[in-house]
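Naming: A, B, ... by sequence-line order, numbering from 1 per chain.
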There are 2 protein chains.
Amino acid sequence: MTLEATHSGLRERKRLATRRAIELAALELVDEKGFENVTVDEISNRADISPRTFFNYFASKETVLVGDAPVLPNDAALAGYLSAGPHESVLVGLGPIVAASTAATSDDLHLQKLRFSLLKQYPQLFTLRMTAMRQFEDSLTEVVAERMLRDDPSLAADEGGLKNRARLVTFVAFAAIRHAWTVWDGSGASSGFGNRLLDSFEQLPGILSPAVSA
Amino acid sequence: MTLEATHSGLRERKRLATRRAIELAALELVDEKGFENVTVDEISNRADISPRTFFNYFASKETVLVGDAPVLPNDAALAGYLSAGPHESVLVGLGPIVAASTAATSDDLHLQKLRFSLLKQYPQLFTLRMTAMRQFEDSLTEVVAERMLRDDPSLAADEGGLKNRARLVTFVAFAAIRHAWTVWDGSGASSGFGNRLLDSFEQLPGILSPAVSA
DNA sequence: TGCATATTTGCAGAGAGTGCAATAATATAA
DNA sequence: TTATATTATTGCACTCTCTGCAAATATGCA
């Protein structure tokens, strides 16, 4: 139910098909020839549209490659996180939520793999994707803040402090996401990315411990 | 002692002056009119050089704005971190090193403030700067790995695991850097950025600890 | 069918960025 | 100082990205 997806007239379907054709053409071409050796004209040719139409769908040659940012699911996992109580880590508990968010992609497997490979290969694209995630980051920060508030209602007294603390948690969560990306070897698709993600989250408390458990 | 800085003939000094003039012109213009309303031609005009020369100094309109990435200092602080021993946190101890690295800028205060303001205002620029920090990130990861090895020589058995662990530590350190940036209000220059940075690092244990102090 | 609305396309043009060759400035050695 | 080598600056032509606008085309709906 993506706003207009239920309508699904001929127009809608054609638009989606065109969008997908452009993405596919772009990803394949860059995979074949390298980012800097591919022009928008070529992409448009392969996708059977005019160059002008390309820019009706995507703002730039980069944005067509990075894909949509994840969206926070409004489901049971989220509710569970919010009410987990003060004995569960505010940080590690974020793992399953992030995993659920990133799993909900409209891409098929082929596109996903191409994207992943390109994001690893071109830091500029990876970084652009991270920028695109800012909104997701903000939603996450709000969720964390609410969870903290539920765990300890007295935090409401210092709203600014709460927000800052929540932001730090979110940033660290994104560090875990980056880590999962970096470590996940495309070939080792043996274990899905979701598991890899949870793994990185669970490693987080441990990076402190060499000093603590001494 | 930056490779050729000791030479300091007329040529070197002119080059530096030109570089600085371009940076200043670019930062001021973007501050005055907004990023998208400034052209390379305008920047070149104000800096009294030809547009072609602009691209001899900087690869793009963006790179002139973000400044150079920090470099790891090879000093006492670094040596202290490496030999701090297993009872000091591998993560929090990174704070002073990062603070020292970011403090060593060739920018004067005016440029620094303009840059900071623009990086906050334009996410694309902030992201570009983060990309530029990748090399610094790699150096940091190596330092962390060596420190871990000194703390526990048995880790040498699993080289891949060590590297991954060190990477996670570095990524989390960068989360702290981002946090410091986000929280630091330019106006509140009352406490320098260095202190703000240390503050964020010291908040990390409170977030990573398995459970709150319940 | 006929009308309203959305999509595609071509075209002209601004701006970013590059390669190349000419020119100017600086360094160096006699 | 002068001749010569090296490096920096510049102009020019060119490719590519991206935008505004208006004409043409396709779809939705009564």
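- Of the candidates dG17(C), dT6(D), dT9(D), dT9(D) carries the atom nearest the Tyr57(B) side chain, counting heavy atoms from C-beta on.
- In this structure, Glu62(A) atom CD and dC16(D) atom P are separated by 15 Å, rounded to whole Å.
- Environment of CD in Glu159(A): sparse, with no more than 12 heavy atoms of neighbouring residues, nucleotides or ligands closer than 6.0 Å.
- A close approach under 4.0 Å does not occur between any side-chain nitrogen or oxygen of Lys14(A) and OP1 or OP2 of dT7(C).
- Considering only the side chain of Val40(B), dA16(C) comes nearest among dT9(D), dA16(C), dA27(C).
- With dT9(C), dG11(D), dT5(C) as the candidates, the nucleotide lying closest to the side chain of Arg11(A) is dT5(C).
- What separates CG of Leu65(B) from P of dA16(C) is a distance of 12 Å, to the nearest Å.
- Straight-line distance from the CG atom of Asp48(A) to the C1' atom of dT9(C): 14 Å, rounded to whole Å.
- Of the listed nucleotides (dG17(C), dG11(D), dC11(C)), dG11(D) has the atom at the smallest distance from the side chain of Arg52(B).
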With a cut-off of 3.5 Å and sequence neighbours excluded, list every side-chain donor-acceptor pair involving residues 54-61 of chain A.
| residue | atom | partner | partner atom | Å |
| --- | --- | --- | --- | --- |
| Asn56(A) | OD1 | Arg52(A) | NH1 | 3.2 |
| Ser60(A) | OG | Glu62(A) | N | 3.2 |
| Ser60(A) | OG | Glu62(A) | OE1 | 3.3 |
| Ser60(A) | OG | Thr63(A) | N | 3.1 |
| Ser60(A) | OG | Thr63(A) | OG1 | 3.2 |
| Lys61(A) | NZ | Phe35(A) | O | 3.2 |
| Lys61(A) | NZ | Val38(A) | O | 2.9 |

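- Counted by atom type alone, Thr170(B) and Thr141(B) present one or more donor-acceptor pairs between their side chains at under 3.5 Å.
- Between dT9(C), dG11(D), dT26(C), one nucleotide has an atom nearer to the side chain of Ser50(A) than all others, and that is dT9(C).
- At the heavy-atom level, Thr53(B) lies under 4.0 Å from base atoms of the strands shown.
- Counting only heavy atoms from C-beta on, Leu10(B) has its side chain closest to dA27(C) among dA27(C), dG28(D), dT10(D).
- Rounded to an integer number of Å, the gap from CG of Asn56(A) to C1' of dA22(D) is 14 Å.
- Between Asn45(B) atom CG and dT10(D) atom P the separation is 11 Å, expressed in whole Å.
- One side chain, Arg196(A) or Ser200(A), offers a donor N or O that lies under 3.5 Å from an acceptor on the other.
- Residue Phe55(A) places its side chain closer to dC18(D) than to any other of dC18(D), dA16(C), dG17(C).
- Distance CG (Asn37(A)) to P (dT15(D)): 16 Å, rounded to an integer number of Å.
- Asp41(A) has its CG atom 7 Å from the P atom of dT17(D), to the nearest Å.
- Among the nucleotides dT17(D), dT10(D), dT8(C), the one closest to any side-chain atom of Ile49(B) is dT10(D).
- Between the CZ atom of Phe58(B) and the P atom of dT18(C) there is a distance of 14 Å, rounded to whole Å.
- His110(A) is listed as a side-chain neighbour of Leu24(A), based on a closest heavy-atom distance under 4.5 Å.
- Between dT17(D), dC18(D), dT8(C), one nucleotide has an atom nearer to the side chain of Thr39(A) than all others, and that is dT17(D).
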